[in-house]
Amino acid sequence: MASPRTITIVALSVALGLFFVFMGTIKLTPRLSRDAYNEMKRAYKSYVRALPMLKKMGVSSILLRKSIGALEVACGIVMTLVPGRPKDVANFLLLLLVLAVLFFHQLVGDPLKRYAHALVFGILLTCRLLIARQPEEQPQEKRILSVNGDEQPLIHEAAPEKGKMKVS
């Protein structure tokens, strides 16, 4: 049976992956929601206006929106379908992307309700990454300490707790 840690990582990976595929698709095409697509277009125009250095670098609002949307879709697909280390890389990239989006929202002075979802999903991405990076807990029998080539049980497991009797 899968451990609670594994179930948590899989559930977060699938939920976050599907969310970012959905949000990235909205940035790329009006097929899912014309209103949301038009709102994204308007928002990214304000982001580029607020950062003149993007204009100087030749980054238009269309290029910025489509780049971020494509990265969200790609990382979302990896988070949903690809096993192993690539999920952690996609998680990290999405976390950086969320931080950039939060910066953009702050830069243009958006109210909290416009970027609350980014905060929540940033926290979820952070939690997923922290859980995934923790080492798997070993079963009780395998917890041993190697001293000079001799394997010994860990001290706190070798002797019963003070005041308690060990019953076999």
Side-chain angles (χ1 to χ4, degrees), residues 1-139 142:
M1 184 167 163
S3 70
R5 177 184 174 274
T6 304
I7 293 169
T8 303
I9 291 172
V10 169
L12 279 171
S13 296
V14 170
L16 289 167
L18 291 175
F19 171 78
F20 281 103
V21 166
F22 177 72
M23 291 306 293
T25 303
I26 286 177
K27 289 176 178 82
L28 296 173
T29 180
R31 288 186 181 164
L32 293 180
S33 171
R34 183 162 300 282
D35 292 338
Y37 176 77
N38 290 333
E39 179 59 29
M40 291 290 178
K41 284 173 54 175
R42 186 209 56 78
Y44 278 85
K45 284 179 185 174
S46 68
Y47 300 157
V48 170
R49 272 193 305 258
L51 275 174
M53 75 172 186
L54 288 176
K55 215 38 154 185
K56 289 178 185 174
M57 292 173 25
V59 177
S60 68
S61 64
I62 296 169
L63 179 63
L64 182 64
R65 178 176 45 83
K66 289 192 176 194
S67 299
I68 289 176
L71 189 60
E72 284 180 348
V73 169
C75 288
I77 289 170
V78 169
M79 291 274 295
T80 305
L81 301 175
V82 178
R85 182 70 120 194
K87 277 186 197 262
D88 294 341
V89 173
N91 192 147
F92 184 72
L93 289 174
L94 287 171
L95 190 55
L96 291 177
L97 203 58
V98 165
L99 291 174
V101 168
L102 288 172
F103 171 74
F104 287 146
H105 282 290
Q106 284 295 307
L107 191 65
V108 298
D110 282 341
L112 178 63
K113 70 178 185 176
R114 297 238 337 130
Y115 62 89
H117 71 281
L119 278 173
V120 170
F121 282 95
I123 291 168
L124 288 173
L125 284 166
T126 303
C127 289
R128 190 222 163 267
L129 195 59
L130 289 174
I131 293 168
R133 300 310 312 150
Q134 286 181 346
E136 190 82 35
E137 194 169 302
Q138 294 179 351
K142 292 186 180 180

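Note that the coordinates shown come from a computational prediction; the quantities given were computed from them, not determined experimentally. The first residue of the sequence shown is numbered 1, and numbering continues consecutively from there. When reading the values below, keep in mind they use all heavy atoms of this one structure, side chains included, and skip hydrogens, waters and symmetry mates.
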(Q) Return the CG to CD distance between L130 and Q134, rounded to the nearest 0.5 Å. (A) 7.0 Å

Q) What heavy-atom pair brings A90 and C75 nearest, and what distance separates the two atoms? A) CB-O, 3.7 Å

(Q) On a heavy-atom basis, which atom in M79 and which in K87 lie closest, and how many Å separate them? (A) O-NZ, 2.8 Å

Q: Determine the minimum heavy-atom distance between A50 and V108, stating which atoms define it.
A: CB-CG1, 3.7 Å

Q) If you round to the nearest 0.5 Å, how far is CG of L93 from CG of L96? A) 6.5 Å

Q.
Applying the side-chain contact (heavy atoms from CB on, under 4.5 Å) criterion to I9, which one of L129, V14, I131 satisfies it?
A. I131

Q. Does A132 offer a backbone N or O that forms a donor-acceptor pair with the side chain of R5 under 3.5 Å?
A. yes

Q: Please work out which of the three classes, parallel, tilted or perpendicular, describes the rings of F104 and Y47, given edges at 30° and 60°.
A: parallel

Under 3.5 Å, which donor-acceptor pairs do the side chains of residues 15-31 form with other protein atoms, sequence neighbours left out?
from: T25; atom 1: OG1; to: V21; atom 2: O; distance (Å): 2.6
from: K27; atom 1: NZ; to: E72; atom 2: OE1; distance (Å): 3.0
from: K27; atom 1: NZ; to: E72; atom 2: OE2; distance (Å): 3.3
from: T29; atom 1: OG1; to: R31; atom 2: N; distance (Å): 3.3

Q. Atom CG of N38 and atom OG of S33: how far apart are they, to the nearest 0.5 Å?
A. 8.5 Å

Q: Calculate, to the nearest 0.5 Å, the distance between atoms CG and CG belonging to L119 and L112 respectively.
A: 6.5 Å

Q) Taking all atoms of both residues into account, what is the closest heavy-atom pair of A118 and V98, and its distance? A) O-CG1, 3.3 Å

Q) Going by heavy atoms in the side chains, are L95 and F121 under 4.5 Å from each other? A) no

Q.
I need the single residue from K55, K45, M40, K41 that forms a side-chain contact (heavy atoms from CB on, under 4.5 Å) with S61. Which is it?
A. K45

Q: To the nearest 0.5 Å, tell me how far F92 CZ sits from T126 OG1.
A: 10.5 Å

(Q) Surrounding CZ of R34 (heavy atoms of other residues, nucleotides or ligands, distance under 6.0 Å), is the total greater than 12? (A) no

Q. So do the side chains of R133 and R128 get within less than 4.5 Å of each other, counting heavy atoms only?
A. no

Q.
Rounded at 0.5 Å granularity, tell me how far OG in S13 sits from CG in N91.
A. 7.0 Å

Q | Residues, nucleotides or ligands: over 12 heavy atoms within 6.0 Å of L99 CG | A | yes

Q) Going through the checks in order, is the side chain to side chain contact (heavy atoms under 4.5 Å, CB included) test met by R49 and L107? A) CA-CA 10 Å; R49 272 193 305 258; L107 191 65; over 6 Å; no

(Q) For a quick test of reading the model, state the closest non-hydrogen atom pair linking V101 to Y44 and the distance between them. (A) CG2-OH, 4.4 Å

